[in-house]
Amino acid sequence: MLSSSVALAQSNSSLEYPKARKTDQTDTYHGTTVADPYRWLEDDRSAETADWVKAENKVTFDYLSQIPYRRQLQDRLEHIYNYPKYSAPSRKGDWFYFSKNDGLQNQSVLYRQKGLDGKPELVIDPNKLSTDGTTRLGAFSLSKDGNYAVVGLSKGGSDWQEYQIMDLATKQYLPEKIEWVKVSGIAWQGNGFYYSRYPKPEGSALAAKNENHQVFYHALHTPQSTDRLIYEDPKNPQRFHIASTTDDERFLLLTVSDRGKGKDGNALFYMDAKSGKKDFSPVINEVTDFSYGVVDNDGDRLLILTNEKAPNSKVVAFDTKTKTFSTLIAEKPEPIAESSVSAAGGKLFVEYSKDVTSSVLVFNYAGKQETEIKLPAIGSAGGFGGEKDDKFVFYTFTSFTFPPTIYRYDIATHTSTVFRAPEVDFTPTDYETKQVFYTSKDGTKVPMFLTYRKGIKLDGSNPTLLYGYGGFNISLPPSFNPLRIPFLEQGGIYAQANLRGGSEYGEKWHEQGMKLKKQNVFDDFIAAAEYLIAQKYTSPAKLAVQGGSNGGLLVGAVMNQRPDLFRVAIPQVGVMDMLRFHKFTIGWNWIADYGSSDNADEFKALYAYSPIHNIKAGVAYPATLITTADHDDRVVPAHSFKYTATLQEVYKGNNPVLIRIDTNSGHGASNTKKNIETTADIYSFIFWNMGIKTLKEIASK
């Protein structure tokens, strides 16, 4: 029988956690026996797991409900988030499509209008598709003529999507539905489209391993049962197979990746509709550690972004007639930012990253640079894609105190003008952002952004939130999040460290945080905390660390290695069991970054930092709020469940160890309401455990 009680004392010492049953489950890895006493929590469908979740949430929400300013923070978050948010428009024929959120809508709404001065008309309102607003528009892909669109919907935060086809003339759906879609492109060609799916999973749809990724072609006005299988590879069940087509629909492209076998790149094949052949020809025949992504075609040539012999990436042309490569845009000292090459108006827009900030160059299809787009400040730019006959494109620019602003760029005159700027209830000039470079354990210089209210005193007393990720070739560039403002308004500092494992300085930076070198990422994060303390921005008593997914692993690992540096830890949807992550859903896909416990050398490295397996008795762990959700089928909640049960069992100190388990939500908050509620709880937990008893009153306009 599970039982719990809570009383919020200043010492946080009156918590009684639910009793979690322990078993004698063990596994042997390369001669090492490893206990896994909470294996039963991996079963997301069992009544026992459901009872444990309910009891844990009671402890957590009873605790949070007694923090006196929790409602104050939520009200402020709601107020500052409540402004219209737009996406940049995209053109198809005479129509411009864009999404808009009025402010606090759970999901953004898709609209279209004829011309930029036309009257917007509703296309899809996902808010009307579920009572709790957790059904999300995950895909919207228009046919070349703009008459039809594939609409992908996901429910409750799951990565699974269901496709329907909308007739844009009537805005009604065709009868057919396509199920079990995951990790898919939508590639229109002729009277239908290509997509990727898995067979219907056996057992739990949210936890079962996903294998045998297949590519199908769906013809309009036919049932899914008659879809034509285009490609599968049952001998390699843990490969991704993703189809795409060039803008003119001449080339069908097939990208094959095999991260489950530790390969970080992909193979690439094409089928030329002009040739009449019905089989694929190779561009790159075998999966390697290099990536190849087709940007566009120029007649017979495929324009490809690759990092082969170019860790900062380059653009090459592959001639499908002669089967030869030529360099189009050579590698530069600055890396091309995360596959950021876009085609529109007969030009190539290439975003480079210089010390984690954007610069955008425009090239013609011969590879000649024509101009550099002048950006409004130091920050991040994205967008630029469009149709080949476009005369202008849109892009969005943002930074930590620069709300996302949409610009229109005229291709002929090389000029940018503001198309739409948001109005947020804060004064950007009250805050400043600076970039610092600190030294990690092995001497590597690591960049970090700091944002705070002007005039703060460097006396070690500032509440500071240190955020990091460090993996999967993902960069953390400057970006605006209105939900950070209430933290800054309370005198807080937001610190964002650009750890190795990301793409901030190209593939070499990524490789320094992979597999056997993963400890570098944790060392970088620890060094960031040490820098903030040494420079008196904050102190261990006023420092919180936060990260999600791979960043949740980061927080769990550094908690074990240097718990003395942090007062509060927020590991969100983290990969916490590094020995079994590849056994759930698409977890095998992460082997390319992490390695696998099936490999003896990699097991040794994983076991040395795996958050669950390195929790030790007698350690003064920081106050910890773990977050996960019941529909997270990317990093299954079992990671957080087992981690929580272990930490609550072993740690006997006064700091709280709580888990917040959201419902009808997934790897990220499934709607606006849940996002705000979660953020309010995190900030409340941080401030309270830093000893802050009251908050400053913030006057709203």
Side-chain angles (χ1 to χ4, degrees), residues 1-20 50-82 104 106 132-134 157 463 465 483-484 486-487 489-490 492 544 546 567-573 621-630 637 640-641 643-645 647-648 651 653-665 669-698 700:
M1 188 70 170
L2 297 171
S3 62
S4 64
S5 64
V6 63
L8 185 61
Q10 297 301 327
S11 65
N12 298 315
S13 61
S14 303
L15 291 166
E16 182 182 336
Y17 301 119
K19 304 298 182 185
D51 287 345
W52 182 87
V53 166
K54 183 178 179 181
E56 287 285 353
N57 265 345
K58 185 177 190 311
V59 173
T60 298
F61 286 105
D62 282 354
Y63 178 97
L64 293 170
S65 68
Q66 295 182 66
I67 298 177
Y69 41 72
R70 182 189 185 207
R71 183 71 242 183
Q72 177 189 348
L73 273 171
Q74 185 169 325
D75 288 345
R76 179 58 182 156
L77 288 162
E78 288 178 352
H79 177 83
I80 204 162
Y81 201 81
N82 191 11
L104 294 177
N106 277 319
D132 61 357
T134 60
L465 179 57
L483 298 183
R484 289 193 200 115
F487 185 84
E489 288 174 335
Q490 297 300 324
Q546 181 184 21
R567 176 59 186 160
V568 183
I570 312 291
Q572 298 184 265
V573 292
Y621 285 101
T624 305
L625 178 62
I626 301 146
T627 71
T628 188
D630 63 349
S640 294
F641 292 174
Y643 175 72
T644 300
L647 190 56
Q648 287 179 346
Y651 175 59
N654 290 335
N655 292 330
V657 174
L658 303 175
I659 182 169
R660 187 187 190 279
I661 306 157
D662 210 346
T663 56
N664 273 343
S665 208
S670 58
N671 64 28
T672 295
K673 182 174 183 289
K674 289 179 179 294
N675 191 20
I676 290 173
E677 289 174 349
T678 301
T679 304
D681 286 349
I682 289 171
Y683 289 167
S684 297
F685 185 85
I686 288 173
F687 287 139
W688 186 255
N689 282 283
M690 287 180 177
I692 298 171
K693 303 302 183 292
T694 59
L695 298 185
K696 301 174 184 177
E697 288 290 340
I698 303 297
S700 298

Ring pair (Phe, Tyr, Trp, His ring centres under 6.0 Å) partners for Phe487, two or more places apart: Tyr683, Phe687
Can you name the side chain to side chain donor-acceptor pair (under 3.5 Å) partners of Thr627, sequence neighbours left out? Gln572
Determine whether a donor-acceptor pair (N or O, by modelled atom type, separation under 3.5 Å) exists between the side chain of Lys674 and the backbone of Thr663. yes
As an exercise, state the distance from CD1 of Ile686 to CD1 of Ile692, rounded to the nearest 0.5 Å. 9.5 Å
Check side chain to side chain donor-acceptor pair (under 3.5 Å) between Asp681 and all other residues, then give those that pass, not counting sequence neighbours. Arg70, Arg660
How long is the span from the CH2 atom in Trp52 to the CG atom in Asn57, to the nearest 0.5 Å? 9.0 Å
Rounded at 0.5 Å granularity, tell me how far CG in Asn654 sits from CG in Asn689. 11.0 Å
Where do Gln72 and Lys696 come nearest, in terms of heavy atoms and distance? NE2-O, 3.3 Å
Salt bridge check, Glu78 against Arg71: does any charged N sit closer than 4.0 Å to a carboxylate O? yes
Using only atom types and a distance under 3.5 Å, with no angle test, would you say the side chain of Thr678 pairs donor to acceptor with the backbone of Asn675? no
Beyond-backbone contact of Pro622 with Arg567, side-chain heavy atoms, under 4.5 angstrom: no
Please report the closest heavy-atom contact between Pro18 and Glu56, naming both atoms and the distance. CD-OE2, 3.5 Å
Within the 4.5 Å heavy-atom criterion, are Leu695 and Leu73 side-chain neighbours or not? yes
With sequence neighbours left out, what residues match Asp132 under salt bridge (charged side-chain N to carboxylate O under 4.0 Å, His left out)? none
Using only atom types and a distance under 3.5 Å, with no angle test, would you say the side chain of Gln648 pairs donor to acceptor with the backbone of Val657? yes
Please answer whether the main-chain N or O of Gly691 pairs with a side-chain N or O of Lys693 as donor and acceptor at a distance below 3.5 Å. yes
Correct closest heavy-atom pair for Asn655 and Tyr17 would be O-OH, 4.0 Å
Okay, side chain of Tyr63, backbone of Ile67: is any donor-acceptor separation there less than 3.5 Å? no
Of the non-hydrogen atoms in Ser670 and Ser665, which two are nearest, and what is the gap between them? N-OG, 2.9 Å
The reported gap from CG in Leu104 to NE2 in His79 (rounded to nearest 0.5 angstrom) is 10.5 Å
For the atom pair CD1 (Ile626) and CZ (Phe641), what is the distance rounded to the nearest 0.5 Å? 11.0 Å
Which pair of heavy atoms, one from Asn664 and one from Thr134, lies closest together, and at what distance? O-CG2, 3.4 Å
Against Leu625, only a single residue in Leu658, Ile659, Val568 fulfils side chain to side chain contact (heavy atoms under 4.5 Å, CB included); can you say which? Leu658
Please enumerate all residues that pass side chain to side chain donor-acceptor pair (under 3.5 Å) together with Tyr69, with sequence neighbours excluded. none
Ser640 side-chain N/O to Val573 backbone N/O, donor-acceptor pair under 3.5 Å: no
Quick one: salt bridge (charged side-chain N to carboxylate O under 4.0 Å, His left out) partners of Lys673, sequence neighbours excluded? Glu677
Quick check for you: to the nearest 0.5 Å, what is the distance between Leu77 atom CG and Thr679 atom OG1? 6.0 Å
